Amino acid sequence: MNDLRLRLDDLNVRKQDIELENQSEIRGGKMVKKEVEKWLDNVEKMNGEIEKIEQKLVDVSCFSRARLGKLVRKKIEEVKEIHRQGCFSDGVAVDRPPAKGVTLLTSDLEGETDVNNQIWQLLMDDDQVRMIGVCGMGGIGKTTIMKLINNQLLKEDQFCKVIWVTVSKEMNVSKVQEDIARCLKHSLPEDELERATTLNHALERTSYVLILDDVWERFSLSKIGIPDLKPDEQRKVKVVLTSRSKEVCKSMGCKVVQVKPLSKQESMNLFLNHVELEHSVVQDPELKKIVNSIVEKCGGLPLAIVTIAGSMKGVYDIHEWRNALNELCQQMKSVKQWDNEVFECLMFSYNRLADSEIQNCFVYCSLYPEDFPIKRRELIEKWIDEGFINGNTRQAMYDRGHSILNKLENNSLLERTRSLSYELSVKMHDVIRDMALWIEDHSRFYVKAGLQLKELPDEHEWATGTFDKVSLMNNSILEIPSHISPKCHNLSTLLLQQRDLVFRRVLETGFKTIPGTFFEHMNGLKVLDLSYTNITNLPDSISNLGNLNSLVLRCCYKLRHLPSLAGLKALKRLDLCNTAIDKIPPQMETLENLTYLALQAEGLKELPTGTVPMFSRLQYLATMLQLKGEEVGKLSKLEFLSCIFLHMEEFKKYNSTRGTKWPQNYICSVGSSLSRNGSLFGVEDKFEKPEEHNTLYFVNCDLEEADFAMLPMDLNYFHVEKCDDLKCLSDGTSLFHGLTLCHIWECQGIECVIDLSSSPSYSFKNIERLVLGKLCNLLELVRVGPTFESPCPVIFSRLTMISLEKCSRMKRLFSVEMLQGLQNLKDLSVEDCQEMEKIIDDNGTRNGSDTTSLVLPKLRELSLYSLPRLKTICGNGEMIPTNFLRYLRITECPELKRIPLLLPQLDNGEPSIPPFLKRICVKPREWWESIEWDDPNAMNVDLSAFVSHVEYF
């Protein structure tokens, strides 16, 4: 038996490794193979079988033990075989089936319905037309029309793929190829000829619509790798391009569709929708006349109309409107060409910002590549670096930054979007970006961003000493020549950051070194961004940049060495997050002006004693290093903090030094450090953004020493793991009133989450998400003492999600008394709880009742997995309405015989399919076919189209 236990331990270690690898692959966008899922199931079953054998060894006679010995030997061989099968040499995951395309964010279309219909007919019904050219001047709505058509195509079945690529003025063949390949989930070789051939083969195997937006000049489709567009009965292929030039469309063999300006009425409708003035205009004839004149000046161009409307939103005084019309006429009096007319309309909105600070912030956005999603958080930090935003506190500067972004969005000079990592972002329309770069007062910009350059531009082109800001970001620069020494005495900003490929990846190619002469003549440099590059070290000459205000080296994964930073006396922001350094830069402690420090490297575990207090002006500290509590507590100006206190004693010292004044936002771990097998593996991103959290992790430490009363009152995420002295959370008294998420995992001592017998007035009134796992002694969520007086107080009144996993002694999840507090519950998941018998226990109070009581009215997802003793979901006469149900998952619950779901009814009283239902996952198939429904009408509704017998949604 000892041999069996040892082999089972080895098997479970292999299982843990496989599960970690699964998590990593899922975060990378892949899906776990079915054979891996089956293997994990087999391991779980084997654990259960051996647990039963061990129980039998305790109970049976000597005669039976002999027979069990044969069974043990058999199980040893089975465990060995499962262990052997757990070697997945070709990986545990595969790429997800590629999506048909991407749904694009766009605004509603005003007018242009004829053009929209014309394009749609050419795409869907006219097999003779292979290429369509949508042309019209900048700002007339070509991209908006095609975004709407893109989203409409995703709902149709005629094409397997809908591919969107933004080409832009400075067309780069490699970028276009990469964008197409990414949509097809293909990788491309480095060689240019091979890239085109590979892409050609991939496109030849599918039917598709390829939308090439913002084409400026004729180019060869074959050079990209786009196959000849010949009629093909086997597959349907269309290429659509948008361009300001009809000649470009014709030269590429397109059927031309011209987008014309909006009519007067369409223009007025669009303007009023964005300026929110309709009632006032109707009531005041004079104001209506002025608005008509302003709209007329926009020439039917949607971009001009929306932008000017945005700049006038909230203006009601007729004097202001009359003045605005005068300014617009003055702005446009010498204009004749349409493109210039657009510029002047946009310049009107720019001038109405009437604040040089906001105008500087706006123009700064043009340093980013065309059509590029700029993360709001990153942009605000850049504005602070540049000195555009000032304030006594960092929070005040963040608030000012968001206020400016909101104003620019409201004025339609920026549009809201999301980055590849789904962070809230903004981007500039290409016409607005052209205008920003054209503004005379900002002609000192040199911008070659996002052009996939492989070499630095010629030194004489940008290193002339005339430019104030140089942006070469998001290129593929392979090398910085060793002899180069740009004479850029007036340069204040140099943006050399490369491409963030998401999931902690950067381009493998790219410059690795910067010559020592590179910074020699950049004495005025204030902002330097080298993030996402492959540099391994920085030259010593960087130490001479005495005016440098911001040094960003985030995600330079190969950076191992920095020179002395003693010369950087003006430095306020230092970002060394996700680098490969194994010791802090020499004389870093002399950076007494530092207000922002982000520091994370796997080879760096802690800062030398005495370093942290030297940064007395720090407002922002983000790290996963182990810090001394007393030292951090002395940072009186700190507003945002993430760090690790390795021992409870350090956490207590921090509290005693800091008192009740915690930072505004924080994420701290007590008792654990980052490691691949550690509890914090996978949460690095959270520690990099402390401004988004009020979170504490307690892992493998003694909570009795912590004293809940000393925890911050604004805590909203509480994570406890492997803290065996935790008995319940009621001891927190008023501490948890602001808590919205609680995660308790593998705490052996906890028997209930809330104990009303010790704290009868306590309520988790704000908690929204509760996750409980591997709590082997948990018996109940809420404990009510024998003398407790009814009625039971409302608990969990805002709870929207609860997850219970591997809580082996729990028999009942909710009591009937708790239901009044669960009106907002949306997601309910119970997995692998071997003793669970009832989800809702009515204690027999409704026996014999003829009435039906509805419970959990807002439930969206119900997941019940591996509950071998589960007999009922609800008590007698209780049913769960399905008006909001999206997912139902019930697998491996053999004792469950009935489903208490109430289907919605049509107006005629007939039952219907739940309106939001997406999928029903049930297993085994035989169980589903034998199940009975408490709703007598359920058998009249065919749900088969939603049913799946595989394990995951």
Side-chain angles (χ1 to χ4, degrees), residues 107-115 136-145 244 258-355 358-359 362 407-415 428-429 431-432 434-436 438-440:
S107 55
D108 293 334
L109 195 65
E110 179 64 46
E112 312 292 11
T113 52
D114 290 343
V115 171
M137 65 168 298
I140 205 165
K142 304 181 295 295
T143 299
T144 300
I145 291 169
R244 300 186 191 183
Q258 182 81 39
V259 182
K260 297 180 180 179
L262 299 178
S263 68
K264 288 184 178 180
Q265 188 58 52
E266 290 167 344
S267 298
M268 180 61 76
N269 292 341
L270 183 61
F271 188 89
L272 293 177
N273 286 340
H274 282 78
V275 83
E276 301 171 1
L277 253 187
E278 188 167 0
H279 178 73
S280 302
V281 170
V282 172
Q283 297 298 319
D284 189 335
E286 187 176 357
L287 179 57
K288 184 176 182 180
K289 183 179 178 181
I290 295 171
V291 171
N292 272 326
S293 298
I294 289 177
V295 172
E296 188 177 335
K297 296 292 182 185
C298 295
L301 305 176
L303 179 63
I305 293 168
V306 168
T307 305
I308 289 182
S311 70
M312 297 301 294
K313 189 179 293 186
V315 176
Y316 300 99
D317 190 323
I318 193 168
H319 302 290
E320 285 194 57
W321 278 94
R322 192 179 292 115
N323 180 64
L325 177 59
N326 292 335
E327 288 180 0
L328 185 58
C329 292
Q330 186 70 25
Q331 188 88 48
M332 301 180 68
K333 64 182 180 180
S334 62
V335 174
K336 295 181 180 178
Q337 294 183 349
W338 267 18
D339 276 357
N340 285 342
E341 188 172 324
V342 178
F343 268 33
E344 297 302 338
C345 288
L346 300 180
M347 278 297 297
F348 168 79
S349 294
Y350 169 79
N351 290 332
R352 280 194 61 81
L353 293 174
D355 184 325
I358 300 177
Q359 289 174 335
F362 163 72
K407 185 175 182 66
L408 293 174
E409 286 180 10
N410 290 337
N411 284 17
S412 300
L413 291 169
L414 294 178
E415 58 181 283
M428 269 185 160
H429 190 285
V431 178
I432 293 177
D434 289 344
M435 184 268 291
W438 171 77
I439 293 173
E440 184 178 354

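Being a predicted model, the structure only gives us computed values, none of them experimental.
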Within this structure, what is the [atom1]-[atom2] distance for the pair [X] and [Y], rounded to the nearest 0.5 Å?
X      : Y      : atom1 : atom2 : value
Gln359 : Asn351 : CD    : CG    : 6.5 Å
His429 : Met435 : NE2   : CE    : 11.5 Å
Met312 : Ile294 : CE    : CD1   : 5.5 Å

Inset, instruction - Could I get the full list of salt bridge (Lys or Arg N to Asp or Glu O under 4.0 Å) partners for Glu409, not counting sequence neighbours? - result: Arg376, Arg416
Inset, instruction - Determine whether more than 12 heavy atoms belonging to other residues, nucleotides or ligands lie under 6.0 Å from atom NZ of Lys313. - result: yes
Legend entry - Side chain proximity check, Val315 to Arg352, heavy atoms < 4.5 angstrom: yes
Legend entry - Lys142 (side chain) donor-acceptor with Val259 (main chain) under 3.5 angstrom: no
Inset, instruction - Determine, step by step, whether Thr307 and Tyr350 satisfy the side chain to side chain contact (heavy atoms under 4.5 Å, CB included) criterion, reporting the C-alpha distance in whole Å, the side-chain angles of both residues, the deciding distance to 0.1 Å, and the verdict. - result: CA-CA 9 Å; Thr307 305; Tyr350 169 79; over 6 Å; no
Kindly write out the residues that satisfy side-chain contact (heavy atoms from CB on, under 4.5 Å) with [X], not counting sequence neighbours, or none if the list is empty.
X      : answer
Val306 : Leu270, His274, Ser412
Thr143 : Lys147, Trp164, Asp213
Ser267 : Leu262, Val295, Ile305
Asn323 : Glu327

Legend entry - Candidate pair Val291 and Val275, rule side chain to side chain contact (heavy atoms under 4.5 Å, CB included), full reasoning: CA-CA 10 Å; Val291 171; Val275 83; over 6 Å; no
Legend entry - Test item: side-chain donor near acceptor, Glu296 and Asn292, under 3.5 Å: no
Inset, instruction - Please list all pairs passing the salt bridge (Lys or Arg N to Asp or Glu O under 4.0 Å) test where one or both residues lie in residues 316-326, with sequence neighbours left out. - result: Glu286-Arg322
Legend entry - For the student: nearest non-hydrogen atoms of Ser311 and Ser349, plus distance: OG-OG, 3.7 Å
Legend entry - Closest approach of Phe362 to Ala436 (non-hydrogen atoms, all atoms of both residues): CE2-CB, 4.0 Å
